[in-house]
Amino acid sequence: MIARTLPVIDRDNQAYWIWGRDGKLAIHRCAACEYYVHPPVAFCPRCESRDVAPHAVSGRGRVVTFTVNHKAWVPDLTEPYVLALVAIAEQDDVRIPCNIVECPPDAVDFDMEVEVVFEPAEDLWIPLFRPVQS
Amino acid sequence: MTRFAEKNTAITGVGMSEVSRGATKSALGLTVDAALEAIADAGLTRADIDGIATWPGEKADGSGFSPVGCAALQDALRLEVGWYGGGGEAPGQYGAVFNAIGAIAAGLCRNVLIFRTMYEATARKTAYANSLLREGQRQAGPFAWYAPYYTYAAALQQALFFNLYVHKSGIKPEQVGQIAVNQRRNAALNPNAIYKTPITIDDYLASPLIATPLRIYDCDVPIDGAAAIIVSRMDVARDLKNPPIRIEAIGSSMRYRNSWTQLAELDTQAQPKVAEMMWGRTDLKAADVDIAQLYDGFSFHTINWLENFGFCERYGAKDFIDGGHRIALGGELPVNSGGGAMSGGRLHAYGAVHEACTQLWGRAGARQVKGDPQVCATSTSGGPLAGAMLLVRD
Ligand SMILES: [Zn+2]
């Protein structure tokens with residue numbers, strides 16, 4: 001597969017793209033009320049606390065929706081591949097775009113239980129999800 | 001009903017350039033054609049135009065998505081305007097119209113030239129391909145959350161939402177395909193449409209998958225072209241050439257998470273709140289609508305608008321479009337009578353307004369909807385963006 005296009009890293013998103021180095025999925029969480037705030041920002045829309053910081057979640061989730069790509073958008077793109085939105089187990093309205101890996105595209109389904117794995121890319125660690133193994 | 005600002009405005013003229021998959025003029029040249037046609041159609045001259053608006057404003061990135069902005073057109077036509085506005089942070093493509101309504105209400109202008117120009121067919125033949133991503137460049141902004149996952153086009157994001165809709169509604173491919181078949185049938189009667197060769201449901205089912213469940217025939221077609229409309233203050237409009245087409249109600253909302261990933265209801269996108277707002281600004285009801293020009297960047301949008309405007313119940317569009325009779329030109333609710341963006345060309349919601357006015361003025365020739373249509377619902381949408389307008393011939 002061709003190289004992934006990577007995000008610009010800023011203060012709010014850096015834990016999300018870097019903590020995978022230690023096998024951790026970082027999602028911002030409010031220290032006061034435990035609400036997960038994503039995309040990350042240091043403000044809790046529920047209780048208005050500013051005490052919101054990256055927190056290691058379980059890395060488990062469910063497939064909210066997905067699509068199997070069949071079009072070669074750019075040269076050397078290996079398709080088909082699965083683009084999905086995964087809701088984290090801790091809070092269903094936190095949705096993470098990702099590829100579903102270690103699974104045939106036609107086996108991916110709605111509500112499938114998945115777990116995070118990380119793929120290194122330059123200085124980042126890209127969160128991906130695979131079917132729960134255990 | 002409160003005298004909302006839009007009720008003091010009307011569309012008084014429309015224009016469209018040649019629409020092609022490889023223009024013989026520049027993008028600005030096409031825009032001039034559409035603008036001059038709209039000005040003349042309203043019975044105005046360049047000297048009468050005192051406002052200009054467009055969405056999303058000039059994007060000089062080579063993509064052809066919006067190559068012409070207010071400044072270029074103003075200078076080309078040597079207009080003297082009291083107000084102008086372009087910009088992408090608006091409730092979809094009709095944001096330019098909503099801004100113009102506000103400017104008219106504020107007394108800044110009386111006749112606003114609103115345009116949308118696309119040059120994507122030429123752009124895709126040259127450097128840009130059809131990618132949202134630039135090789136070797138890191139992505140910033142909201143799209144950066146998708147960028148690492150080989151998300152090269154809005155089609156992939158829309159396919160995510162569409163697949164969830166299919167899962168929840170149980171709509172069948174042969175029902176989805178009625179949108180494409182209907183619009184191709186209508187396009188055959190539209191001299192300015194791109195694709196006129198009829199297609200059948202079997203053709204639809206045999207067409208290539210882009211991203212499940214999205215097929216090539218579910219997508220609009222990139223073109224080179226420009227459309228323009230004149231929005232005038234109502235007292236001015238009543239003195240002009242055409243019967244004014246009143247902007248009866250608009251829908252413009254951000255009462256949802258405006259995000260490509262965190263939308264509250266992914267499968268209805270931003271449409272429900274926008275439609276609710278529009279219906280809250282008029283005494284008219286869905287049953288009063290004679291024709292509909294519903295956004296069709298993807299057929300999924302059109303299907304979704306049928307439900308969210310209330311032409312059928314939630315997840316009931318599959319029955320409404322089944323067989324294609326109700327949405328056909330002779331049906332109870334003719335939809336996208338000019339072929340829409342999927343067969344007519346991607347003028348990005350402004351082709352739809354042009355067609356709405358053409359029908360309401362009774363000028364649509366072979367594709368004219370019978371029964372003297374007077375009320376048209378129009379919409380724009382895509383992911384978290386949406387806008388709606390109810391247009392009524394005076
Ligand atoms: Zn909190």
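Owing to the predicted nature of the structure, the values given are computational and were not obtained by experimental measurement. Convention: sequence-line order gives letters A, B, ...; per-chain numbering from 1.
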query = salt bridge (charged side-chain N to carboxylate O under 4.0 Å, His left out): which pairs involve residues 107-124 of chain A, sequence neighbours left out?
reply = A:R4-A:E119, A:R60-A:E115, A:R62-A:D111, A:E115-A:R130, A:E122-B:R138, A:D123-B:R138
ask   = For A:Q133, does the CD atom sit with more than 12 other heavy atoms under 6.0 Å from it, leaving out its own atoms?
value = yes
ask   = Where on A:V82 is there a heavy atom nearer than 4.5 Å to chain B: the side chain, the backbone, both, or neither?
value = neither
request  = Please name the pair of heavy atoms, one in B:R257 and one in A:D93, separated by the smallest distance, quoted to 0.1 Å.
outcome  = NH1-O, 4.2 Å
inquiry  = Tell me if the CZ atom of A:R50 is crowded by more than 12 foreign heavy atoms within 6.0 Å.
reply    = no
query = More than 12 non-hydrogen atoms from neighbouring residues, nucleotides or ligands closer than 6.0 Å to NZ on A:K24, yes or no?
reply = no
key: Top contributor to chain A interface from B:N163, B:D267, B:L209, B:L266 [non-hydrogen pairs under 4.5 Å]   = B:N163
ask   = After noting the C-alpha distance and the side-chain angles of A:F66 and B:L164, does the key distance pass the side chain to side chain contact (heavy atoms under 4.5 Å, CB included) rule?
value = CA-CA 8 Å; A:F66 67 98; B:L164 185 61; over 6 Å; no
From B:L214, B:T212, B:I210, residue fulfilling side chain to side chain contact (heavy atoms under 4.5 Å, CB included) relative to A:H70 = B:T212
note = When the 4.5 angstrom heavy-atom criterion is applied to A:P127 and chain B, the contacting part is both
request  = State, to 0.1 Å, how close A:T67 and B:L156 come at their nearest heavy-atom pair, and which atoms those are.
outcome  = CG2-O, 3.8 Å
query = What part of B:A155 is in contact with chain A, defined as an atom under 4.5 angstrom from a non-hydrogen atom: side chain, backbone, both or neither?
reply = side chain
key: Minimum-distance pair of heavy atoms, taken over all atoms of A:Y16 and B:W145   = CD2-CZ3, 3.5 Å
request  = Output the distance between atom OH (B:Y152) and atom OG1 (A:T5), rounded to the nearest 0.5 Å.
outcome  = 5.0 Å
query = Taking atom OG1 of A:T65 and atom CG of B:L160, what is their separation to the nearest 0.5 Å?
reply = 5.5 Å
inquiry  = What I'd like to find out is whether the side chain of B:Y150 reaches to under 4.5 Å of the side chain of A:I2, using heavy atoms alone.
reply    = yes
query = Does any heavy atom of chain A fall under 4.5 Å from the side chain of B:I216, the backbone, both, or neither of them?
reply = neither
message = Less than 4.5 Å to any heavy atom of chain B: does that hold for the side chain of A:P39, its backbone, both, or neither?
response = both
task = Report the residues that fulfil side chain to side chain contact (heavy atoms under 4.5 Å, CB included) with A:P7, sequence neighbours left out, ordered by chain and then residue number.
result = A:I9, A:W17, A:L124, B:A144, B:P148
ask   = Checking side chain to side chain contact (heavy atoms under 4.5 Å, CB included) for the pair B:Y149/A:L128: CA distance, chi angles, key distance, verdict?
value = CA-CA 9 Å; B:Y149 303 109; A:L128 306 170; 3.6 Å; yes
request  = Under 4.5 Å heavy-atom distance to chain B, tell me which part of A:A3 shows up: side chain, backbone, both or neither.
outcome  = backbone
task = Could you look at A:F110 and say if it's the side chain, the backbone, both or neither that has a heavy atom under 4.5 Å from chain B?
result = side chain
inquiry  = Once rounded to the nearest 0.5 Å, what's the spacing between atom CG of A:L83 and atom OG1 of B:T151?
reply    = 4.0 Å
remark   = OG1 (B:T261) and NE2 (A:H38) are apart, to the nearest 0.5 Å, by 6.0 Å
key: Heavy-atom pairs under 4.5 Å with chain B, option from A:V94, A:L6, A:N69 with the top count   = A:L6
